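Structure record follows, encoded as structure tokens.
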Amino acid sequence: MGITSEDVVLIQPAKTPGDPTVVTVNCPDKAGLGCDICRVILEFGLRINRADFSTDGRWCYMVFWVAPYSSSHRVDWESLKNRVYYETPSCLGPYYFGNKSDGPSSSSLYLLKIFCVDRKGLLHGMYSGQLLHTKERQDDTCRYLLNVFKDNCIDCELQVAGPQYETLRAFSSIPEAVAEELFSPDLFEMDSGEQLGEKKEKAIITVDNQLSTAHTLLQIECVDQKGLFYDILRTSKECNIGVAYGRFAPSKKGLRNVDLIIQQTNGKKIVDPKHLDILCSRLKHAMLHPLRVIIVSRGPDTELLVANPVELSGKGRPRVFYDVTSALRKSGICIFSAEIGRHSTQDREWEVYRFLLDESREFPLSSPESRSKVVKRVRRTLMGW
């Protein structure tokens with residue numbers, strides 16, 4: 001008999017309002033599993049208040065204490081449970097997991113068509129975190145969107161896209177000057193200098209190689225922000241580093257303490273100073289600058305660009321579109337058009353969101369001060385500040 005999702009993923013609801021929900025995962029291990037599960041948690045609009053996990057290289061045990069970022073956000077816990085289950089290893093066959101043939105295909109591309117009356121906040125209302133691998137899920141998504149738009153919606157269609165749409169996965173053609181600004185190291189210095197008006201830049205990593213003969217201990221202290229644990233584990237996965245034990249402590253005065261006991265894929269700790277420097281540098285970069293946000297002129301118009309790293313799996317960061325459109329809607333700024341594409345730099349691939357903006361009375365986009373306020377508001381929303 002195979003192990004079912006009931007055995008792999010356990011969700012204990014919050015006992016009282018304001019308490020976290022506890023998500024427990026107990027399953028065979030795979031490289032980057034912690035990153036994959038944190039990605040799902042982030043996609044469902046949840047904050048990780050605390051986390052503990054350990055693995056012996058074969059079996060993994062994880063516990064996440066999670067809560068919605070917004071008290072008005074409703075979470076489909078059954079859907080979350082299924083999504084987490086699908087991220088657990090399936091390569092071990094039916095002895096472990098039974099039949100997962102009805103799981104999602106990462107290569108599927110879907111075409112969503114919505115015909116409706118235009119209104120402010122339209123794109124923000126279109127976000128849905130559902131998997132679309134079954135007809136039932138596709139119908140559920142259409143019903144959800146029809147309910148959001150109510151009488152403004154004329155029709156909603158969702159289907160698997162044909163081969164003619166595969167070119168939409170292509171890379172975005174960003175003007176060279178804009179790409180240089182978006183991916184320039186100077187942008188990081190500017191962000192650090194501004195501090196978003198409130199937040200202080202902080203990311204301290206202490207390395208201890210004396211604790212274990214086979215593992216390296218990383219002790220991290222940094223500013224708390226949305227998706228922090230995801231960014232740390234994503235970077236570890238990209239650096240081909242295995243995490244044997246992780247502890248994500250509760251936030252105190254806006255700071256997080258994280259302990260990671262790590263080793264290389266050969267089962268040895270990291271003793272090469274150059275290797276450690278590269279790992280720590282990439283972790284700091286991921287914690288301090290997980291996203292890039294700029295506003296530029298596009299002819300007579302104004303364009304907002306947001307970029308985030310693409311994972312090794314080819315997936316972009318969750319909820320970027322949702323958070324950006326939320327920030328713009330609250331600012332009273334309408335979106336004339338939106339485009340999502342990919343861009344490659346020398347060291348990695350990026351997912352780039354491009355929003356052509358309409359003028360706003362509150363934020364006249366021709367003003368440098370107003371542009372700066374829009375960038376700060378978008379970045380604050382993305383970081384959960």
Side-chain angles (χ1 to χ4, degrees), residues 14 18-23 34-53 62-73 75 80 188 190-207 217-237 243 245-262 279-293 306 308-309 311 317-320 322-324 326-327 330 375-385:
D19 285 351
T21 295
V22 182
V23 179
C35 166
D36 298 340
I37 293 177
C38 285
R39 185 185 194 285
V40 173
I41 291 173
L42 178 60
E43 187 172 347
F44 274 75
L46 296 170
R47 174 197 299 111
I48 298 176
N49 291 347
R50 174 187 162 197
D52 287 288
F53 71 89
M62 306 182 183
V63 185
F64 301 91
W65 287 260
V66 302
Y69 275 97
S70 168
S71 57
S72 61
H73 178 55
V75 181
L80 172 70
F188 304 145
M190 179 190 71
D191 292 347
S192 301
E194 289 180 350
Q195 306 303 336
L196 299 182
E198 297 178 16
K199 294 292 179 181
K200 240 183 175 182
E201 177 187 16
K202 185 169 186 179
I204 300 172
I205 302 177
T206 303
V207 179
L217 169 64
L218 298 183
Q219 294 179 300
I220 301 171
E221 183 182 24
C222 61
V223 174
D224 192 18
Q225 61 201 29
K226 184 181 293 186
L228 176 62
F229 204 29
Y230 162 74
D231 287 320
I232 291 173
L233 295 182
R234 171 181 58 80
T235 305
S236 301
K237 181 180 179 180
V243 181
Y245 171 80
R247 183 180 69 88
F248 190 65
S251 178
K252 291 184 178 179
K253 297 182 179 180
L255 295 176
R256 287 278 188 177
N257 286 291
V258 184
D259 292 337
L260 298 178
I261 295 179
I262 63 174
L279 174 61
C280 290
S281 175
R282 292 192 61 174
L283 283 170
K284 286 183 179 180
H285 192 279
M287 291 184 285
L288 295 174
H289 312 288
L291 298 126
R292 310 185 185 198
V293 185
V306 179
N308 60 266
E311 291 184 33
R317 187 184 186 87
R319 295 181 74 85
V320 173
Y322 178 88
D323 286 338
V324 174
S326 173
K330 290 175 182 177
V375 168
K376 286 182 180 180
R377 180 167 288 188
V378 169
R379 192 184 290 116
R380 285 178 59 84
T381 303
L382 287 165
M383 304 293 272
W385 293 343

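Atoms considered below: every heavy atom in the structure, side chains included; atoms not considered: hydrogens, waters and symmetry mates. Just so we're clear, the structure is a prediction, and the values are computed from it rather than from any experiment.
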Show the nearest heavy-atom pair for residues [X] and [Y], with the distance to one decimal.
X: Ala286; Y: Arg234; value: CB-NH2, 4.0 Å
X: Ile48; Y: Ala51; value: CG2-CB, 3.9 Å
X: Thr381; Y: Ala327; value: OG1-CB, 3.4 Å
X: Asn49; Y: Ala67; value: ND2-CB, 3.9 Å
X: Val293; Y: Val375; value: O-CG1, 3.8 Å
X: Arg47; Y: Pro68; value: NH1-O, 3.7 Å

From Asp231, Leu255, Leu228, Ile204, residue fulfilling side chain to side chain contact (heavy atoms under 4.5 Å, CB included) relative to Cys222
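Of the listed options, the one satisfying the test is Leu228.
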Got a second to check how far [X]'s [atom1] is from [Y]'s [atom2], nearest 0.5 Å?
X: Ser281; Y: Ile205; atom1: OG; atom2: CD1; answer: 8.5 Å
X: His73; Y: Leu46; atom1: NE2; atom2: CG; answer: 5.5 Å
X: Met287; Y: Arg256; atom1: CE; atom2: CZ; answer: 13.5 Å
X: Ile232; Y: Lys284; atom1: CD1; atom2: NZ; answer: 13.0 Å
X: Lys252; Y: Glu221; atom1: NZ; atom2: CD; answer: 11.0 Å
X: Arg50; Y: Arg247; atom1: CZ; atom2: CZ; answer: 9.0 Å

Before you tell me yes or no, could you show the steps for Met383 and Leu291 under side-chain contact (heavy atoms from CB on, under 4.5 Å), namely the whole-Å CA-CA distance, both residues' side-chain angles and the distance that decides it to 0.1 Å?
CA-CA 9 Å; Met383 304 293 272; Leu291 298 126; 4.2 Å; yes
Using distance alone, with no hydrogens and no angle criterion, decide if Glu43 and Tyr230 have a side-chain donor and acceptor under 3.5 Å apart.
no
Does [X] reach the side chain of [Y], with side-chain heavy atoms less than 4.5 Å apart?
X: Ile37; Y: Phe64; value: yes
X: Leu218; Y: Leu283; value: yes
X: Trp65; Y: Pro250; value: no
X: His285; Y: Thr235; value: no

If only atom types and distance count, is the side chain of Trp385 paired as donor or acceptor with the main-chain N or O of Lys226 below 3.5 Å?
no
Does the plane of the ring in Phe248 sit parallel, tilted or perpendicular to the ring in Phe229? Use 30° and 60° as the thresholds.
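Phe248 vs Phe229 ring planes: parallel.
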Show, in sequence, the C-alpha distance, side-chain angles and deciding distance for Ile262 and Leu279, and conclude whether the side-chain contact (heavy atoms from CB on, under 4.5 Å) test is met.
CA-CA 11 Å; Ile262 63 174; Leu279 174 61; 3.7 Å; yes
